[in-house]
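Structure record follows, encoded as structure tokens.
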Amino acid sequence: LHRRRHSFPTRRSSDLGIDFWQDKVWILADRLTNKFYYLGKVEFEIISRWQMGNANDIVNSVNNETIHQIDTNSVDVVFKFLLSSNLLLVSNSIIKSLEKARKNKYFIALANVSKIFSYKIPLVNPNKFLDNTKDIANFLFSKYFTYFILCLLVLNTYLLASNWGTFTDSLPSFNNWGTLVLVLLTMVFTKVIHEFGHAYAAKLYHCTVPEMGVNFIFFYPLAYTDVASTITLNPKERLVVSTAGLRFEIYLAIVAGYFWFLLPDGTILKHLLFFIAAVSWLLSLFVNIMPFMKFDGYYIFSDYLRIRNLAPRCFAVMKYYFRKYAIGLDTALPELHDYHKYKFLLTFGIMMSLYRIMLM
């Protein structure tokens with residue numbers, strides 16, 4: 001087995017900092033597929049010795065040279081992870097056995113069921129367009145544009161105070177299909193602006209954005225932007241990217257509110273501007289701010305606390321406690337045990353589960 005050296009680098013914690021529980025962070029990057037993986041301490045030590053080519057040699061080296069004590073089962077777990085993630089060059093016989101397993105009716109049925117509840121449809125590769133228009137990002141995230149938006153907000157607040165009754169009466173009527181279609185198109189437009197907020201924020205830090213499209217979650221369409229490459233940014237920069245979508249929607253609402261005051265009454269455009277200024281971004285805020293689904297709120301919460309892979313770690317801890325106390329199995333810890341860490345992950349995992357059941 002050999003590493004794909006040009007697509008399999010690791011980055012030490014000096015580049016990425018320390019997480020919420022003062023643990024060092026490493027990232028494994030597969031440049032061929034633009035996928036990134038967080039590594040724990042033990043996993044990093046094993047992979048950094050992968051060139052030894054023998055599980056027993058790796059175990060002896062880790063046990064003698066680090067504070068960690070592992071066995072060949074730990075190496076086997078890492079091997080299976082690397083193999084399932086297509087991060088290893090393997091022999092033809094192993095490839096054939098993997099293909100045979102993938103053709104198993106059970107695995108095919110399981111994969112099809114998972115696609116029903118979450119399925120991504122890539123639509124465009126915006127990277128070249130974003131590179132050609134990156135000056136827009138520099139302007140939109142500049143302090144001058146922020147000052148301009150704040151001034152416009154103050155002006156809107158003053159005008160709104162004297163036109164509150166007229167403003168609240170501007171909600172468009174949904175009693176005809178034409179208006180409903182226009183409102184839906186307006187929502188699509190605001191979502192596009194939202195996603196370009198994330199994309200331009202990523203470009204602000206010279207990250208690649210290879211994909212934008214629609215993700216169907218429980219049959220509900222949601223726009224998405226692939227900003228996986230921002231995983232190598234520091235937490236403060238990642239916060240800028242994760243909050244950029246809501247930031248752009250609020251900007252759009254403020255601009256729409258200003259132009260609402262300029263248009264004559266009774267026009268459909270004035271109704272749509274009201275929808276953008278007063279309804280659309282509030283609906284988006286209500287949905288996206290929740291940290292219990294993998295929407296903006298989840299990534300903002302995770303980046304703010306510097307907790308990597310928050311949802312998978314929560315579910316792993318829940319599974320561990322369920323197996324140990326409900327079934328009585330003596331299972332291995334999902335990560336190094338810390339009472340406060342496990343208490344937080346368990347509590348947040350239960351909250352996520354209840355929220356998702358309610359949403360379903």
Side-chain angles (χ1 to χ4, degrees), residues 6-9 11 15-16 27 29-36 119-153 182 184-216 221-259 269 272-273 276-277 280-281 284-285 288 294-296 299-300 303:
H6 298 293
S7 61
F8 192 45
R11 299 190 64 179
D15 297 320
L16 299 167
I27 285 179
D30 184 352
R31 300 297 181 183
L32 295 181
T33 60
N34 198 45
K35 290 184 178 180
F36 301 83
Y119 187 72
K120 286 185 177 181
I121 302 178
L123 297 178
V124 294
N125 182 343
N127 203 56
K128 186 175 180 181
F129 172 79
L130 295 171
D131 285 333
N132 293 334
T133 58
K134 60 184 178 182
D135 290 340
I136 295 177
N138 296 331
F139 172 70
L140 293 177
F141 288 94
S142 67
K143 61 180 181 180
Y144 303 107
F145 185 74
T146 303
Y147 294 152
F148 167 74
I149 288 294
L150 289 175
C151 291
L152 203 59
L153 176 61
L182 287 174
L184 290 175
L185 291 175
T186 303
M187 291 180 66
V188 171
F189 173 72
T190 56
K191 293 299 109 184
V192 170
I193 296 298
H194 179 108
E195 295 307 320
F196 269 100
H198 293 304
Y200 276 121
K203 279 297 170 186
L204 195 66
Y205 301 110
H206 312 290
C207 297
T208 59
V209 184
E211 189 176 292
M212 296 177 75
V214 179
N215 187 13
F216 287 89
L222 296 168
Y224 76 91
T225 301
D226 185 354
V227 290
S229 58
T230 60
I231 198 172
T232 57
L233 302 178
N234 64 51
K236 184 178 180 180
E237 293 168 339
R238 283 175 57 82
L239 265 176
V240 173
V241 178
S242 57
T243 58
L246 291 174
R247 180 177 180 174
F248 269 42
E249 280 202 61
I250 294 174
Y251 284 175
L252 182 63
I254 294 172
V255 172
Y258 174 75
F259 281 101
L269 182 58
L272 295 178
L273 287 175
I276 295 174
S280 178
W281 73 275
S284 177
L285 184 66
N288 280 286
K294 285 193 174 181
F295 301 146
D296 289 356
Y299 295 104
I300 293 170
D303 291 338

Output the distance between atom CD1 (Ile193) and atom CG (Leu252), rounded to the nearest 0.5 Å. 6.0 Å
Ignoring hydrogens and angles, tell me if any N or O in the side chain of Asn215 forms a donor-acceptor pair with the backbone of Ala223 under 3.5 Å. no
Measuring only between side-chain heavy atoms, which start at C-beta, is Val209 closer than 4.5 Å to His198? no
What's the shortest heavy-atom distance between Thr146 and Tyr251, and which atoms? OG1-OH, 3.8 Å
Is there a side-chain contact between Pro122 and Tyr224, using heavy atoms and a 4.5 Å cut-off? yes
Spacing of Arg238 atom CZ and Ile231 atom CD1 [to the nearest 0.5 Å]: 6.0 Å
Evaluate the side-chain proximity of Ser242 to Ile300: yes if any heavy-atom separation is below 4.5 Å, no if none is. yes
Sub-4.5 Å side-chain heavy-atom contact between Glu211 and Asn125: no
Which heavy atom of Leu153 sits nearest to which heavy atom of Ile254, and what is that distance? N-CG2, 3.9 Å
Crowding at OH, Tyr205 (>12 non-hydrogen neighbours, <6.0 Å): yes
Taking all non-hydrogen atoms of both residues into account, name the closest pair between Leu239 and Thr243 and its distance. O-OG1, 2.7 Å
Could you go through Val255 and Ile149, starting from their C-alpha distance and side-chain angles, then the distance that decides it, and tell me whether this counts as side chain to side chain contact (heavy atoms under 4.5 Å, CB included)? CA-CA 8 Å; Val255 172; Ile149 288 294; 4.3 Å; yes
For Gly197 against Ala244, the heavy-atom pair lying closest together: O-CB, 3.2 Å
Rounded at 0.5 Å granularity, tell me how far CG in Leu272 sits from CG in Leu182. 5.5 Å
Looking only at non-hydrogen atoms, find the nearest pair between Val240 and Phe141 and report the distance. CG1-CE2, 4.3 Å
Going from CE on Met212 to OG1 on Thr225, what distance comes out if it is rounded to the nearest 0.5 angstrom? 3.5 Å
Ring-plane angle category for Tyr200 and Phe248, please: parallel below 30°, perpendicular beyond 60°, tilted otherwise. parallel
Which distance, rounded to the nearest 0.5 Å, do you find between the CG of Leu273 and the CG of Leu269? 4.5 Å
I'd like to know whether Phe216 forms a side chain to side chain contact (heavy atoms under 4.5 Å, CB included) with Val214, so could you lay out the CA-CA distance, the side-chain angles of the two residues, the decisive distance to 0.1 Å, and finally the verdict. CA-CA 6 Å; Phe216 287 89; Val214 179; 3.8 Å; yes
Which pair of heavy atoms, one from Ser229 and one from Thr232, lies closest together, and at what distance? O-OG1, 3.1 Å
Atom pair CG/CD1 of Leu285 and Ile250 - distance to nearest 0.5 Å: 6.5 Å
For the pair Phe145 and Phe148, name the ring-plane relationship: parallel under 30°, tilted 30 to 60°, perpendicular over 60°. tilted
Side-chain heavy atoms of Asp131 within contact of Lys203, under 4.5 Å: yes
